Protein chains: 2
Amino acid sequence: MQSFTEENYLKIIYHLSQNNDEAVQTNAIAERMQTKAASVSDMIKKLAEKQLINYKKYQGVKLTITGKLAAINIIRKHRLWEVFLVEKLNFKWDEVHDIAEDLEHIRSADLIERLDEFLSFPKSDPHGDPIPDKEGNFDSIPFRKLNKLKIGDEGLIMGVSEHSPPFLRHLEKLGLTLGRKVRITEIIDFDGSVELTVDQKKIIVSREVAKHILIRH
Amino acid sequence: MQSFTEENYLKIIYHLSQNNDEAVQTNAIAERMQTKAASVSDMIKKLAEKQLINYKKYQGVKLTITGKLAAINIIRKHRLWEVFLVEKLNFKWDEVHDIAEDLEHIRSADLIERLDEFLSFPKSDPHGDPIPDKEGNFDSIPFRKLNKLKIGDEGLIMGVSEHSPPFLRHLEKLGLTLGRKVRITEIIDFDGSVELTVDQKKIIVSREVAKHILIRH
DNA sequence: TGATTTTTTTAGATTTGTCTAAACATTTAG
DNA sequence: CTAAATGTTTAGACAAATCTAAAAAAATCA
């Protein structure tokens with residue numbers, strides 16, 4: 001089994017290789033881990049020795065199958081705990097990330113399976129991110145980013161790709177919460193801001209905000 | 001804030017000073033921590049520097065007020081998580097200790113207060129141990145150990161002073177669970193075994209087992 | 001292409017918690 | 001009350017995860 005730190009590296013490498021599909025760079029990991037490239041180099045060697053990543057000097061890293069499964073398992077735990085915190089303990093969606101960051105490292109497979117059952121096998125977390133099953137399979141639902149829609153398009157808010165508390169509180173304030181139906185009424189040429197209706201109300205979000213809102217038809 | 005290791009030391013020092021009231025010995029801590037006396041000496045210095053314990057060389061240690069509150073807080077978390085695991089996730093009372101041992105180190109005061117509320121402010125954990133409130137106050141209920149009772153005495157099982165899974169499974173098998181009413185029917189001279197009735201049934205427990213069963217009238 | 005910049009790795013040090021072996025203090029027993 | 005036994009501390013080392021500074025490789029660009 002891995003240490004908390006190793007688990008965090010695996011999780012971050014997994015997230016970084018999601019967008020990209022190429023090998024993940026040392027510096028990218030360092031930035032996300034809030035540490036220095038030198039420390040990342042050291043840890044990379046360790047993970048490579050444990051066969052959790054493939055690594056050739058100066059070439060960046062890729063998760064092995066084992067490493068990927070380990071990463072997905074941590075993400076599964078993180079997201080299940082987030083559901084617990086919101087659904088059972090009444091936390092807000094912007095308050096749960098840091099606590100789940102700690103809870104995700106609790107090592108008991110039995111605990112997680114029972115928690116999953118207690119929560120009635122949720123398919124997604126409070127931010128709309130899919131929860132993998134215990135074999136590591138995700139339900140992948142296709143989505144489009146709000147900034148890619150055209151005037152007149154409509155759909156449901158199914159997730160967000162940014163989890164910072166200020167961003168989430170901003171959405172909350174605007175009534176842009178999961179499951180809400182939105183329709184694009186205008187796109188401002190000048191800066192790409194998007195005007196839309198939610199719940200009978202007209203609101204405007206910047207392009208930057210729109211980029212992080214995921215929409216399904 | 002303390003590290004996990006420091007928290008474990010505090011908790012163990014607290015438990016060891018419960019029976020005893022005297023200063024806690026280095027060797028006693030080493031045994032409970034599954035480590036060596038030399039390591040304990042090192043850690044003791046660190047905790048003393050942080051004003052969590054009072055320590056004079058070769059004289060053993062005592063928790064300061066701060067140290068005691070820190071220890072009680074960890075115990076509060078441990079016991080609340082145990083209640084969660086048994087009440088909500090349907091674990092058995094002999095399965096929860098190790099998992100709670102990890103969960104007790106999760107650092108979020110808010111989390112614990114909400115968990116407490118979610119569990120309806122339980123007063124004791126699945127082994128009958130009292131749960132301190134957030135100020136560190138215990139409800140102390142007087143009890144007697146089963147091996148101290150006399151023939152004809154009766155009372156309710158209100159707790160156990162031994163938490164090992166084999167012991168707990170033994171009690172479970174005999175039907176000796178929390179809240180059960182028992183009456184002493186005989187005490188065997190030879191070895192101090194106790195014969196008692198629970199639920200209309202006559203059963204026998206050794207003196208060693210009886211010592212760890214706590215009875216209230 | 002060759003020089004400069006960026007990225008990555010290595011070398012050596014630091015901190016935390018542990019260890020063994022040896023020294024030192026305290027307690028117990030003859 | 002000394003001597004042996006027990007308990008505790010110190011000294012020096014180690015592994016994990018980090019750091020800074022410097023070297024090395026790769027990428028960029030003029």
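Each chain gets a letter, A, B and so on, in the order the sequences are listed, and its residues count up from 1. This structure is a prediction, so every number in the text was calculated from the model and none was measured.
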Answer yes or no: does a side-chain N or O of [X] lie under 4.0 Å from OP1 or OP2 of [N]?
| X | N | answer |
| --- | --- | --- |
| A:Thr5 | D:dA16 | no |
| B:Asn27 | D:dT8 | yes |
| A:Lys36 | C:dT8 | no |
| A:Thr26 | C:dT7 | no |
| A:Tyr55 | C:dT9 | yes |
| A:Ser41 | C:dT9 | yes |
| A:Ser3 | D:dA16 | no |

Write down the distance between [atom1] ([X]) and [atom2] ([N]), rounded to a whole number of angstrom.
| X | N | atom1 | atom2 | value |
| --- | --- | --- | --- | --- |
| A:Ile44 | C:dT10 | CD1 | P | 11 Å |
| B:Met33 | C:dC19 | CE | P | 9 Å |
| A:Leu47 | C:dT9 | CG | P | 13 Å |
| A:Lys45 | C:dA11 | NZ | C1' | 10 Å |
| B:Lys50 | C:dT16 | NZ | P | 8 Å |
| B:Met43 | C:dT16 | CE | C1' | 8 Å |
| B:Glu6 | C:dT15 | CD | P | 15 Å |

Contact class for A:Phe4 vs. all strands (heavy atom < 4.0 Å): base, sugar-phosphate, or nothing? nothing
Tell me what B:Lys56 touches on the nucleic acid: a base, only sugar-phosphate, or nothing, going by heavy atoms under 4.0 Å. nothing
Option passing side-chain hydrogen bond (donor to acceptor under 3.5 Å, both in side chains) with A:Arg76 (candidates A:Asp116, A:Asp125, A:Asp133): A:Asp116
Take nucleotides 21-29 of chain C nucleotide by nucleotide from the 5' end and write B, S or -, depending on whether a protein heavy atom sits under 4.0 Å from the base, only from the sugar-phosphate, or from neither. B--BSS---
Are B:His127 and B:His97 near enough that their ring centres are under 6.0 Å apart? no
Counting only side-chain heavy atoms from C-beta out, which of C:dT10, C:dT9, D:dG7 sits nearest to B:Gln25? D:dG7
Keeping A:Thr64 on the side-chain end and A:Gln51 on the backbone end, is there a donor-acceptor pair under 3.5 Å? yes
Quick check for you: to the nearest 0.5 Å, what is the distance between B:Gln2 atom CD and B:Lys11 atom NZ? 13.0 Å
Quick test of your reading of the model: are B:Lys211 and B:Glu208 salt-bridged, counting only N-O distances below 4.0 Å? yes
Is a salt bridge present between A:Lys50 and A:Glu6, judged by a nitrogen-to-oxygen distance below 4.0 Å? yes
Taken in chain and number order and not counting sequence neighbours, the residues that satisfy ring-ring contact (aromatic ring centres under 6.0 Å, His included) with A:Phe143 are none
